[in-house]
Undergrad: 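The structure under discussion is supplied below as structure tokens; questions concerning it will follow.
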4 protein chains.
Amino acid sequence: MLQNNENLMVPRKEREKHARQQEILQAARVLFAEKGYHDTTLEEIAHKAEFAKGTIYNYFANKDEMFYGIIENIFDEMDSITAAAMATAGASAREKLTAYAKAVIAHSMAHSDLFMLMIRQAHRQLTDEFDEKIKNLHERDLATRKTIAQVHAEEISNEHLKAYDPLEITFLFEGMLRSYCMYHIKARHQLTTAEIDRAAELIVAVYFDGIQNK
Amino acid sequence: MLQNNENLMVPRKEREKHARQQEILQAARVLFAEKGYHDTTLEEIAHKAEFAKGTIYNYFANKDEMFYGIIENIFDEMDSITAAAMATAGASAREKLTAYAKAVIAHSMAHSDLFMLMIRQAHRQLTDEFDEKIKNLHERDLATRKTIAQVHAEEISNEHLKAYDPLEITFLFEGMLRSYCMYHIKARHQLTTAEIDRAAELIVAVYFDGIQNK
Amino acid sequence: MLQNNENLMVPRKEREKHARQQEILQAARVLFAEKGYHDTTLEEIAHKAEFAKGTIYNYFANKDEMFYGIIENIFDEMDSITAAAMATAGASAREKLTAYAKAVIAHSMAHSDLFMLMIRQAHRQLTDEFDEKIKNLHERDLATRKTIAQVHAEEISNEHLKAYDPLEITFLFEGMLRSYCMYHIKARHQLTTAEIDRAAELIVAVYFDGIQNK
Amino acid sequence: MLQNNENLMVPRKEREKHARQQEILQAARVLFAEKGYHDTTLEEIAHKAEFAKGTIYNYFANKDEMFYGIIENIFDEMDSITAAAMATAGASAREKLTAYAKAVIAHSMAHSDLFMLMIRQAHRQLTDEFDEKIKNLHERDLATRKTIAQVHAEEISNEHLKAYDPLEITFLFEGMLRSYCMYHIKARHQLTTAEIDRAAELIVAVYFDGIQNK
DNA sequence: AATGAATGAGCCTTCATTCAT
DNA sequence: CATGAATGAAGGCTCATTCAT
């Protein structure tokens, strides 16, 4: 029993450390999203996380690391959403993308702070291309996109879809989705589930059928 | 004669002042786009504009004003592009949007720094909603979008287009366009005119006809 | 028996406490010598001493106390060396100083970290004259020097040596010795015993006979 | 005339910049000597130099650069002293070293702050051997020492002096000199010119003739 | 109007010290 | 006694802004 106790001892510490890291990231991401990276001070983050300034540095090497910690969280969440939506067995591309769109919109609405951070991060991704970490994020981003492209590819070979470059049109789809979310976040709209479903279906409808009346 | 002289005097001075403001904005926008607002110092802007630091303050009240000056320039450019593309007499919505898409992509490629600034600016637009200036930008943005929506509206009433909310699908179209541009700017692609045309047509095709094989 | 036990109990505890203090001082003095007082963190000392940071504070009131602990150790060692060299019965001043020089050089080479700490400490000694501890060190330093001066004094009264102020020339002798050691420590020379002997004899020869050819 | 004026314009600015750098170094060197490098804050230096904190950075890249600026000044002064003392035409080694000793003691007394900085610098010289700047100082130090050794060498070949290694005994001489200065600076003695002359002669006498009564 | 030296508020980060476990 | 997470004061440095020339 004693040994059992000891075995559990180490994980508990680690779990607590991780939990506290997440608390700090929570505080930071809200502030970063509200005011931007530079206009958020460590003092504010510490205050919001209910720690002293110095304590933050027991959990993150510096402000930048915190930022990347947050971005990685976001990527993890987006990966889950993507994987879940694409994995539905027997579903068509249209069904999968509808599920994906619903999940993305719902997530964006629930975490509009994250959404805004993604936009900000987009900028950094464009500029600091030297940085190792940025490159990793870049690759993760592309990998996620390819998961979705793959779903297109299958149905293109079926001739259910037109023979576009799967990756290229995936970006277009993503663009519509992001644009839609940004529009409503800007306008501070709080969408109901029904509205989210309608929106997702609208986007998918336009994407698959176009806006032209035949 | 003397009075005449004086009458001309003032405009010349104003013209020179304006010209010098634009020189400074040119320098600033390149740097802001490259390194972001916070990581660009007035020292650097002054150096690039070939003025002394103090001189900048004869033309702009502070760093923020410069930023908004740039954004306004960008809005002016986008307005021109939009107006030009939408004004073609007798053209269909599809033709107008194709022209618009070509112009936007070409402009984005030629001025990728501006494109990046827009992304960054998107963030500020979302947050500092109190600021008078920001509100104006917001409204200009919406006004531009409505010009495009109007073109949709006409053809919806013709029943050439499906009966979607014109503004809502305008955002979707914009989203595809932006997403496409971002993808290529990230990848540092230099598109030829032919490639730009093809891209614009691709986007418009997806937008009007959808990706589904009928 | 029990009482006996308890009597021994306290000394053992004290001995252990003292032993652990010395372990910590060992760790600290190496680091202080390598990187200086300010650039050595308690974290590092604790790590090197294989204790936790907080534990250090069970043995020393603060970082400064540790520093003085080390300096006192060094003084103890120098005292031993001095006493040993000066105590040789029937030896002449020249023989005693030769023995002293050999011991000092050998010790400096073996503990160049300490030597460097002494230099550093010299500075503090000069400045913080208010501090009680510093004054004590100052006095110990002088006392050691006087032990050597005393040996001079005896032989001055014998007229074996010229009638210089014993303390004054003691400082000159010390100066040569220190300078010599510093030269070789800087150059990272590892002197053999033979070289040390030769060096000590050189210094003593210059000191007693001068450099002039008669 | 106008052109003449302009020609002088640039040097004036440079001269003023240099003058202000020296003012700052003056302030810094007193404080560094009093309290050490680490215990002196830039705030204090700025205050003593009667500038604002930020202004310091118009003249020095960082705290370290200031430190090396001071050390270089000291080296310059020591070089002058050495060169002047060694250059006396027709003087014997003994006369030259006497002149040198007098100058060094007088300078040390007048600038005891510098003397203490040298001691402190000695430490850095020993440790941070990687740094380019430190290496340069090291070499300058050796070069100065060699100037003195050269004077020895000449008289060794004359057989006026014993056949010791010139550089080695130069270090011994320097050691006596430094040790003597440190002793009096520690004791806060203010030596008169007569006392300085006596001291220099004492040291040279011991160095050339030794302490032994023949 | 142009200059650039001076300013000083403010930021990130470090680290000696404390204290609950 | 040992631990190490938490603390917060303090420091080096940056940079937007001012102002005397």
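Below, chains carry the letters A, B, ... as their sequence lines are ordered, and counting in each starts from 1.
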Undergrad: Select base, sugar-phosphate, or nothing to describe what A/K63 touches, counting heavy atoms under 4.0 Å on all strands.
TA: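 A/K63: backbone/sugar contact only, no base atoms under 4.0 Å.
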Undergrad: Between B/I45 (CD1) and E/dG4 (P), how many Å, whole number?
TA: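 One finds 17 Å between P of E/dG4 and CD1 of B/I45, rounded.
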Undergrad: Do C/E44 side-chain atoms and C/T41 backbone N/O form a donor-acceptor pair below 3.5 Å?
TA: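 Such a contact is found between C/E44 side chain and C/T41 backbone.
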Undergrad: Quick check on the helix from E/dA2-F/dT21 to E/dT21-F/dA2: what's the angle between its two end axes, five base pairs per end, to the nearest 10°?
TA: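 It comes to 0° between the two terminal axes.
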Undergrad: Would a 4.5 Å heavy-atom cut-off, applied to side chains only, mark C/D113 and C/E34 as touching?
TA: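 Sidechains of C/E34 and C/D113: no contact.
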Undergrad: Hey, can you pull the residues of residues 16-23 of chain A with a non-hydrogen atom under 4.0 angstrom from DNA chain F?
TA: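 Heavy-atom contacts with DNA chain F come from A/R20.
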Undergrad: Look at atom CD of D/E16 and say whether more than 12 heavy atoms of other residues, nucleotides or ligands are closer to it than 6.0 Å.
TA: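 Yes, the 6.0 Å shell around CD holds more than 12 heavy atoms from other groups.
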Undergrad: Start at the 5' end of DNA chain F and walk down; is the nucleotide closest to C/Y59 or to A/Y59 reached first?
TA: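 Upstream on the strand: C/Y59.
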Undergrad: CD of D/E14 versus P of E/dG4: gap in Å, rounded?
TA: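 Distance, rounded to whole Å: 14 Å.
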Undergrad: How are the rings of B/Y37 and B/F32 set to each other: parallel, tilted or perpendicular (split at 30° and 60°)?
TA: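 Rings of B/Y37 and B/F32: tilted, 30 to 60°.
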Undergrad: Using atom CG of A/L42 as one end and atom C1' of E/dG10 as the other, report the distance to the nearest whole Å.
TA: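 Result: 13 Å.
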Undergrad: Between C/E43 and B/I56, just flag the one whose closest nucleotide in DNA chain E comes earlier from the 5' side.
TA: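 Looking at DNA chain E, the more 5' nearest nucleotide goes with B/I56.
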Undergrad: Looking at C/N58, does any N or O in its side chain come under 4.0 Å of the phosphate oxygens OP1/OP2 on F/dC1?
TA: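 False: C/N58 side-chain N/O out of range (4.0 Å or more) of F/dC1 OP1/OP2.
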Undergrad: Within the structure, does a side-chain N or O atom of C/T55 lie under 4.0 Å from either OP1 or OP2 of F/dC1?
TA: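 False: C/T55 side-chain N/O out of range (4.0 Å or more) of F/dC1 OP1/OP2.
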Undergrad: Going by atom types alone, do B/N62 and B/Y57 pair a side-chain donor with an acceptor below 3.5 Å?
TA: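 Result is no, nothing qualifies.
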Undergrad: So what does B/Y57 hit on the nucleic acid, given a heavy-atom distance under 4.0 Å: a base, only sugar-phosphate, or nothing?
TA: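 The answer is base, as B/Y57 lies within the cut-off (heavy atoms under 4.0 Å) of a base atom.
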Undergrad: Rounded to the nearest Å, what distance is computed from the CG atom of residue D/L31 to the P atom of nucleotide F/dG11?
TA: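 My rounded result for the distance is 13 Å.
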Undergrad: Measure from the side-chain N and O atoms of C/K63 to the backbone N and O of C/T40, and report whether any donor-acceptor pair falls under 3.5 Å.
TA: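 It does hold such a pair.
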Undergrad: Can you tell which of F/dT17, E/dA6, F/dG12 lies closest to the side chain of D/T41?
TA: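 That would be F/dG12.
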Undergrad: How close or far is atom P of F/dT14 from atom CZ of D/F60, stated in whole angstroms?
TA: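 Rounded to whole Å, this separation is 15 Å.
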Undergrad: Taking the side chain as every heavy atom from C-beta outward, state whether B/F51 and B/R20 have any pair of such atoms under 4.5 Å apart.
TA: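 Answer yes - side chains close enough.
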Undergrad: Nearest heavy atom decides the nucleotide; on that basis, is C/T40 or A/T40 closer to the 5' end of DNA chain E?
TA: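 Going by which nucleotide is closer to the 5' end, it is A/T40.
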Undergrad: When rounded to the nearest 0.5 angstrom, what distance separates CG in D/L25 from CE in D/M66?
TA: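 Spacing of CG (D/L25) from CE (D/M66) equals 6.0 Å.
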Undergrad: Without decimals, in angstroms, what is the distance between C/H38 NE2 and E/dT14 P?
TA: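 So the NE2-P distance, C/H38 to E/dT14, works out to 16 Å.
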Undergrad: Look only at the side chain of B/E72 and the backbone of B/G69, and say whether a donor-acceptor pair between them is shorter than 3.5 Å.
TA: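 A pair under 3.5 Å: no.
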Undergrad: Look at the side chain of A/K53 against the base of E/dT13 and say whether a donor-acceptor pair falls under 3.5 Å; ignore hydrogens and angles.
TA: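 Flag set: donor-acceptor pair detected.
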Undergrad: Are C/E23 and C/Q26 close enough that some pair of their side-chain heavy atoms sits under 4.5 Å apart?
TA: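 Not in contact.
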Undergrad: When the distance from CZ of B/F32 to C1' of F/dA16 is rounded to whole Å, what number comes out?
TA: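 So the CZ-C1' distance, B/F32 to F/dA16, works out to 12 Å.
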Undergrad: A/Y37 has an atom OH; how far is it from atom P of E/dC12, in whole Å?
TA: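 Computing the A/Y37:OH to E/dC12:P distance gives 8 Å.
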Undergrad: Starting at the 5' end of DNA chain F and moving along, which residue's nearest nucleotide shows up first, C/E50 or A/G54?
TA: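 Checking each residue's closest nucleotide, the 5'-ward one belongs to C/E50.
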